[in-house]
Amino acid sequence: MVDVSQHKLVPEHTKLDDEAVEDVLQEYNVEKTNLPKIKLKDPALPEDAEPGDVIKIVRNSRTTDKAVVYRLVIE
Amino acid sequence: MTEHDATADYEFVDDAIVDVVESKELSRRLKDRIYQTIEDREGVSLDQAGEIAQAVEARYLDTRVDPLDPVGTVSAQSIGEPGTQMTMNTFHYAGVAEIDVTQGLPRLIELVDARKTPDTPMMTVYLEDEYANNRELAHQVVWNIESTKILALGDISTNVADMVVQIDLNDETLLERWPTYDDEGVVASEIAETIEDALGIKTRREGTLIEFGPESPSYRRLLQLVEELRDIVFKGIEEVSRVVIRKENNEDTDEEEFVLYTEGSAFGDALAIEGVDASRTTSNNIHEVHKQLGIEAAREAIIDETMNTLREQGLDDVNIRHLMLVADIMTNDGTIESIGRHGISGSKDSVLARAAFEVTVNHLLDAAIHGEEDDLDGVIENVIVGKPIAIGTGDVDLRMGSLDVEDADANAAPEPSDD
């Protein structure tokens with residue numbers, strides 16, 4: 001199987017622990033379900049991810065150095 | 001990359017200048033451009049560096065999106081206006097490496113509509129180190145990708161009198177396309193087996209000559225077999241009809257390498273082939289990229305493809321942020337959604353906004369049946385009902401009036417009066 005994370009189009013995906021999730025939701029003042037989503041079957045997901053987890057994605061941004069976004073794992 | 005040592009990269013940049021520049025609220029890219037400017041001028045004083053950085057920061061903060069700016073509407077116009085220029089020179093096919101690729105407006109529409117397969121699917125296949133520099137090894141990868149059919153391997157003749165199809169395989173072609181074998185007879189027997197499996201008939205082989213016929217003499221069946229024979233894929237990926245090999249300069253290493261362009265796309269299959277660099281190879285089919293690499297890669301691919309489409313047409317002054325916004329919205333729910341009735345516009349919360357877009361009556365009827373409500377938050381619904389729109393100054397509540405000068409002292413907040 002091909003290692004997806006090595007592809008240049010795939011940014012770094014990491015799973016956030018509960019505490020970090022709280023911080024993020026507080027910072028943006030949103031509910032978990034307001035976050036963009038990522039499907040459970042997404043090949044770029046870390047293996048231990050489950051629905052309800054929040055994934056931190058560090059993109060190599062075109063307009064700035066690094067852009068951090070969050071996605072909620074669904075079904 | 002944040003811990004980036006600029007003093008090492010630039011001759012005329014010292015620690016003091018780095019401190020000044022790094023303290024500004026700027027993106028890495030802009031900071032690097034400041035260093036480059038200082039470098040181009042062959043050094044500036046610390047004060048001058050400070051002034052440059054100050055000016056860049058001021059301009060940067062000035063051009064940031066204002067609160068309540070309708071970014072979506074601005075993006076729509078910023079992509080739509082160049083789109084009108086595209087219609088004039090569209091429906092042209094321009095070739096990258098002699099392969100026809102849909103460009104211009106049709107391609108842009110195809111991307112935002114999120115079509116399941118593009119009009120002209122294509123892959124750009126990069127190779128791993130040893131394959132990238134060696135023409136023979138690169139060709140091996142080509143034979144593993146390009147679908148090989150019987151016509152490429154030899155001559156077919158149909159003998160109607162004896163009710164047999166004869167295939168005279170070309171020895172050289174066999175050994176060229178199956179480089180791991182050194183006996184063409186072995187290859188020929190494999191081909192014979194493939195034919196038997198695919199057509200469900202028995203074959204006779206003598207050297208590189210393969211012969212077969214229908215079970216019972218039937219002229220129609222014979223011709224049908226020949227038809228089916230032509231479609232059998234003996235090697236490579238079925239979807240890929242042609243591969244073009246090109247020598248290109250690798251921007252990262254500044255070395256020449258072989259790059260393959262394919263007509264037809266099967267991204268998953270291609271990534272698994274030995275010698276293919278699975279970290280750089282891409283497809284122009286955003287759904288295949290999504291399936292193999294995930295939603296974030298699909299987002300990147302949408303941005304790259306839309307930007308390249310505009311650039312090919314000389315419209316690259318469209319700000320990348322507009323395309324990023326489009327890609328963000330299309331990938332927001334974890335799958336690729338199209339812009340339009342079946343996608344984004346059709347899934348809006350507001351009934352009036354949906355009804356204003358397309359198939360008005362259906363939306364209004366459904367809304368009535370389900371007793372939907374409209375909160376009148378968006379732009380379109382407020383235009384319809386004639387209320388101020390909650391963007392820009394429209395969201396700020398101000399009451400006109402004059403201040404009572406006598407009551408106003410330094411501490412009291414100004415109270416608007418009613419006249």
Side-chain angles (χ1 to χ4, degrees), chain A residues 1-16 20-21 23-25 27-75, chain B residues 1-4 25-32 60 63-64 126 252 267-274 276-283 286 289-305 307 319-325 327-337:
Chain A
M1 191 57 202
V2 184
D3 185 3
V4 166
S5 65
Q6 294 305 307
H7 200 281
K8 64 170 180 164
L9 288 177
V10 181
E12 186 191 323
H13 292 56
T14 44
K15 195 179 129 180
L16 285 187
V21 171
D23 289 347
V24 168
L25 296 181
E27 186 189 341
Y28 290 102
N29 189 24
V30 291
E31 297 288 315
K32 231 181 190 181
T33 48
N34 295 135
L35 294 172
K37 314 294 187 298
I38 186 166
K39 295 266 182 187
L40 187 61
K41 61 176 203 284
D42 197 285
L45 268 190
E47 277 186 15
D48 56 345
E50 281 166 27
D53 286 343
V54 173
I55 303 295
K56 178 185 179 184
I57 295 157
V58 184
R59 291 175 188 154
N60 233 333
S61 174
R62 288 171 174 75
T63 52
T64 175
D65 185 15
K66 299 271 183 204
V68 180
V69 292
Y70 303 90
R71 279 184 190 268
L72 175 70
V73 182
I74 52 169
E75 32 168 305
Chain B
M1 208 159 122
T2 30
E3 291 303 310
H4 175 94
E25 193 183 331
L26 291 172
S27 68
R28 176 83 263 141
R29 187 175 49 92
L30 288 174
K31 285 175 184 168
D32 283 341
Y60 174 68
T63 49
R64 283 211 297 208
Y126 291 93
D252 293 334
F267 193 44
D269 294 343
L271 287 181
I273 288 173
E274 196 191 329
V276 171
D277 185 345
S279 70
R280 290 188 292 157
T281 298
T282 57
S283 166
I286 50 176
V289 173
H290 175 215
K291 185 153 178 275
Q292 299 300 326
L293 301 177
I295 194 67
E296 279 291 319
R299 174 188 170 274
E300 294 288 317
I302 293 171
I303 300 171
D304 284 345
E305 290 290 333
M307 196 64 212
N319 197 294
I320 191 97
R321 289 167 182 81
H322 300 310
L323 304 172
M324 286 164 67
L325 182 70
D328 274 335
I329 292 170
M330 286 177 72
T331 58
N332 188 50
D333 74 343
T335 55
I336 300 179
E337 261 192 304

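Residue numbering restarts at 1 for every chain, and letters A, B, ... go by the order of the sequence lines. Just so we're clear, the structure is a prediction, and the values are computed from it rather than from any experiment.
When side chains are defined from C-beta on, A:Lys56 counts as touching A:Val68, because their heavy atoms get closer than 4.5 Å. In this structure, A:Lys37 and B:Thr335 have side chains that are not in contact, with every pair of non-hydrogen atoms separated by 4.5 Å or more.
Here A:Ser5 contributes atom OG and A:Leu45 contributes atom CG; the two are 12.0 Å apart, rounded to the nearest 0.5 Å. The OH atom of A:Tyr28 sits 12.0 Å away from atom CG of A:Asp23, with the distance rounded to the nearest 0.5 Å.
Within 6.0 Å of atom CG in A:Asn29, 12 or fewer heavy atoms from other residues, nucleotides or ligands are found, so the atom counts as exposed in its surroundings.
In this structure, the side chain of A:His7 engages the main chain of B:Thr281 through a donor-acceptor pair within 3.5 Å.
At a 4.5 Å heavy-atom cutoff, A:Leu72 makes no contact with chain B through either its backbone or its side chain. Within the 4.5 angstrom heavy-atom criterion, atoms from both the backbone and the side chain of B:Ile295 approach chain A. Residue A:Val69 touches chain B through its side chain alone, counting heavy-atom pairs closer than 4.5 Å. Heavy atoms of A:Ile57 lying under 4.5 Å from chain B belong exclusively to its side chain. Contacts of B:Lys291 with chain A are made by backbone atoms alone, with heavy-atom separations under 4.5 Å and no side-chain atom involved.
Shown here are the salt bridge (charged side-chain N to carboxylate O under 4.0 Å, His left out) partners of A:Glu75, two or more places apart in sequence or in another chain: A:Lys39. Residues passing the side-chain hydrogen bond (donor to acceptor under 3.5 Å, both in side chains) test with B:Glu274, sequence neighbours excluded: B:Tyr131. Contacts of B:Glu300 classified as side-chain hydrogen bond (donor to acceptor under 3.5 Å, both in side chains), with partners at least two apart in sequence or in another chain: A:Arg62.
Each of B:Asn319, B:Leu26, B:Ile303 has some count of heavy-atom pairs under 4.5 Å with chain A, and the biggest count is that of B:Ile303. Ranked by heavy-atom pairs under 4.5 Å with chain B, the first of A:Gln6, A:His13, A:Lys8, A:Arg71 is A:Arg71.
Inspection of non-hydrogen atoms places no residue of residues 47-55 of chain A under 4.5 Å from chain B.
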